[in-house]
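These notes are about the structure you will find just below.
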Amino acid sequence: MESVPSINQLGAQQAEREKQQTRRNLAITAAMSIFAFVWLIPIAWTLALSFRPEDSITANLTLLLPLPFTAENYDFVFSSSRIPRWFLNSLIVASLRTFLQLMICSLAAYSFARVKFPFRQTVFYFVLIGLMVPGQATFIPVYLLFSNLKLLNSFPALIVPGIASPFAVFLLVQFFKGIPIELEEAARLDGASRIGVYWRIFLPLSTPVLTALAIFTFLGAWNEYLWPLVAATDPEVMTITIGLTNLTATTYTANYGETMAAAWTAGLPIVGFFFVFQKRIISGIQISSGIK
Amino acid sequence: MSVRPKAVSKDAIFRLSRIERQEALVGVAFILPFLILYVIFNFLPILQGFWISLHNWDVIGTNVRFVGFRNYEILFGKDKLFWSSLEHTLFFALLAGPGLIVTGLALALMLNQRVRGIGIFRTIFYMPNILSVTVVGLVFARVFAPGERGFVNAVLSSIGLEPIPWFLDEANAMPTIAITKVWWSVGFNMLIFLAGLQEISQSLYDAAKVDGGGRWTLFRHITLPGLRRPMLFVIVLQLIASVQVFPLIDVLTGGGPAGSTRPLVMYLFERSFDYWQLGYGSAIAFVMFVFLFSISIIQLWFFSRGEGD
């Protein structure tokens, strides 16, 4: 026969279980902290390097703190390299591409989602094919096109090929289909035109998804590698991602402090950007993956 | 009695079709800017690429000669560099893929516990993902620098171990690239798995616990099956990204030492833009396209099937 546990026994069991839980949580937190520390070493170490004088780096390589502190390396980067220019180029290319992609793709997406025209579904499927086309499959013909137009080494070459994004259209069509039709009908009865509905109803209601898309397009353009590598070989129009590869070629004997200052001049604004938009970036990834 | 409504509806149909025509015009006008760019930069280049691959397209614009499928014959028949670069690509996929999935899943499982400071950890592990490949390359070229100029080697020698020639050694180079890749992009997988874990109902766990299921049983029979979709998603994305690997290797080793880490896309790039054999390069590109397109079709089929479950 089973004996019924007394209130005291139950309480003790409960307390024991809670204690176990707390111990387990502490262990997990400790493990995570160690792991996170190791994860941050590459960033902390090279960031510290960028603020240290070269002789001190040679004397004590693995120091994770910027001691003794100096901004000389950054002075050098800003005064005697092309990095500020490349930075500006990247800013122009990424911003313009993001803006144009959002405009053109959202307009097309609105039409696919709400306007009736012949062969709409067929054209939409035709666009979806683009989701499965890798950049390596298209960049040689696109290169020849710009070469024939004598437009290599220009901003249009860096900006225009990335504007039409099948993924952006796909994502926005999904979102636009969820906007209540009554809103649109009411506005139409009040005499709003199609473009008015798109501009005054659909765009404002889609701010979250448009922001997520803008962030990813901007980061994608900023970090793009293969296409700018062939399209912009002139140092005057290079993006910073490509410009910096000239530094990776200068082997391990090169000046550590200056090289790392160059790397973090490119990296820190993106890290800052990440901290500002962190929530949107993380939810954006989880939403667009279709898992959540 | 039936005549008047008919006349009205006829009129209505006439008016509707005029509106419809206007509507169609607006619809087409809205998609036109997108469609023009899409056709020029996404769609036509595939066909053009295939057309170019049927030629000896040696120097831009001059000396173009139709050769049929000759480029493909050479590629599959006797191009050792093509096969070796394919091998390197697969080797990279085999090293980085499981590393990214296991580490990503482990991080997600740990973060899914109800512990304080989850947000900070999530930020730390995801952050490297937004850095550009060149920044990652510059940083890890120093972290794994040879001799005692690198961080890892300096730490090794401080505890009395020999320095390791990470990127400069044929046996070590690709695993070191894979480690860098895991550091750089495991955060993405972590986020996907985390989203998947949060979708699994807690009641399933509670029920299993009542039945006396241990930690491993719960993981094996509830967590893993519950993560089927995110797992598939991650595996397919990983596979596609691995086939396309190039920037990271380009900035870390440039394909060396002695071409031992040269991946497929680097080979395609060298043929096209170092030797200016655009026909041959296009043949490599088209082979890649067919392969990746097939993976995507299978993925699409799989996921649309999963929807019906």
Side-chain angles (χ1 to χ4, degrees), chain A residues 25 28-29 32 36 39-40 42 45-46 61-62 104-105 107-108 110-112 115-118 120 123 127 130 132-134 136-138 140-142 144 147 161 163-164 169 194 219 222-223 225-226 230 241 244-245 247-248 252 256 259 263 266-267 270-271 274 278 282 285-286 289 291-292, chain B residues 23-24 26-28 30-31 33-34 37-38 41-42 45-46 48-49 52 60 110 113 115 121 123-125 127 130-135 137-143 145-146 149 151 154-155 191-192 195-196 229-230 233 244 246-247 251 265 268 272-273 278 281-282 285 288-289 292-293 296:
Chain A
N25 284 354
I28 290 174
T29 314
M32 292 298 277
W39 220 251
L40 283 177
W45 177 57
T46 51
L61 186 72
T62 55
I104 288 177
C105 292
L107 193 61
Y110 171 67
S111 183
F112 279 125
V115 190
K116 285 203 178 72
F117 58 89
R120 184 174 70 166
V123 178
V127 171
M132 298 179 264
V133 178
Q136 294 86 8
T138 54
I140 293 174
V142 174
L144 287 175
S147 161
I163 291 176
V169 170
R194 276 295 185 187
L219 282 177
W222 189 278
N223 293 341
Y225 193 81
L226 187 62
V230 295
T241 300
L244 283 180
T245 57
L247 291 171
T248 59
Y252 309 105
Y256 269 29
T259 313
I270 292 293
V271 173
F274 169 66
Q278 203 195 140
I282 286 172
I285 286 171
Q286 297 181 331
S289 69
I291 302 299
K292 229 175 174 176
Chain B
E23 174 95 343
V26 170
V28 172
F30 279 13
I31 65 162
F34 172 83
L37 289 173
Y38 173 73
F41 295 111
N42 295 51
I46 303 167
Q48 288 167 320
I52 294 170
I60 310 172
M110 276 158 90
Q113 309 290 325
V115 187
F121 290 128
T123 303
I124 291 174
F125 293 121
M127 195 174 61
I130 49 129
L131 294 174
S132 76
V133 66
T134 1
V135 173
L138 285 168
V139 166
F140 274 77
R142 271 76 196 168
V143 169
R149 284 287 275 169
F151 185 88
V155 170
L191 289 183
I192 302 295
R229 264 178 82 85
F233 179 77
Q244 296 175 286
F246 163 61
V251 295
V265 177
L268 149 63
S272 309
F273 294 97
L278 293 178
S282 294
M288 278 190 60
F289 164 70
L292 290 171
F293 199 79
S296 299

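Letters A, B, ... are given to chains in the order of the sequence lines, protein chains preceding strands, and every chain is numbered from 1.
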Residues which pass side chain to side chain contact (heavy atoms under 4.5 Å, CB included) with Pro33(B), listed by chain and number, not counting sequence neighbours:
Ile104(A)

Atom pair CD1/CZ of Ile46(B) and Phe289(B) - distance to nearest 0.5 Å
4.5 Å

Selection from Ala137(A), Gly267(A), Pro42(A) maximising heavy-atom pairs under 4.5 Å formed with chain B
Pro42(A)

Go through Leu268(B), Leu37(B), Ile130(B) and name the one with the most non-hydrogen pairs under 4.5 angstrom from chain A.
Ile130(B)

Does Leu278(B) reach the side chain of Ile140(A), with side-chain heavy atoms less than 4.5 Å apart?
yes

Closer than 3.5 angstrom, by distance alone: can the side chain of Tyr256(A) be matched with the main-chain N or O of Arg149(B) as a donor-acceptor pair?
yes

If I measure from the heavy atoms of chain A, does Phe273(B) come under 4.5 Å with its side chain, its backbone, both, or neither?
side chain

Measure Gln278(A) against the heavy atoms of chain B and call it side chain, backbone, both or neither at under 4.5 Å.
side chain

I need the residue from Thr46(A), Ile163(A), Asn223(A) with the largest number of non-hydrogen atom pairs under 4.5 Å to chain B.
Asn223(A)

Could you tell me whether the side chain of Trp45(A) and the main chain of Val139(B) form a donor-acceptor pair under 3.5 Å?
no

Is the backbone N or O of Thr241(A) less than 3.5 Å from a side-chain atom of Thr134(B), with the two atoms forming a donor-acceptor pair by type?
yes

Please classify the contact between Phe246(B) and chain A as side chain, backbone, both or neither, with a heavy-atom cut-off of under 4.5 Å.
side chain

The interface call for Ile282(A) against chain B, heavy-atom contacts under 4.5 Å, is both

Using a cut-off of under 4.5 Å for heavy-atom pairs, which of Val133(B), Leu131(B), Val26(B), Val28(B) has the most such pairs with chain A?
Leu131(B)

Measure distances from Gln244(B) to the heavy atoms of chain A and classify the residue's part below 4.5 Å as side chain, backbone, both or neither.
both

Can you list the residues that meet the side chain to side chain contact (heavy atoms under 4.5 Å, CB included) rule with Ile31(B), with sequence neighbours excluded?
Ala108(A), Ser111(A), Phe112(A), Phe117(A), Val123(A), Leu35(B)

Where Phe125(B) and Met32(A) come nearest, the two heavy atoms and their spacing:
CE1-CE, 3.8 Å

Atom group of Ser272(B) that falls short of 4.5 Å from chain A, counting heavy atoms:
side chain

Pick from Val155(B), Val135(B), Leu191(B): which one has the most heavy-atom pairs with chain A under 4.5 Å?
Leu191(B)

Residue Val143(B) versus chain A: region with a heavy atom under 4.5 Å:
both

Just verifying a value: how many Å separate Ile124(B) CD1 and Leu40(A) CG, rounded to the nearest 0.5 Å?
4.5 Å

So which part of Ile270(A) gets closer than 4.5 Å to some heavy atom of chain B, the side chain, the backbone, both or neither?
both

Distance, nearest 0.5 Å, that separates CZ of Phe30(B) from CZ of Arg194(A):
8.0 Å

Which bit of Trp39(A) comes within less than 4.5 Å of chain B, counting heavy atoms only: side chain, backbone, both or neither?
both

Given that the side chain runs from C-beta out, which part of Phe293(B) has a heavy atom under 4.5 Å from chain A: side chain, backbone, both or neither?
both

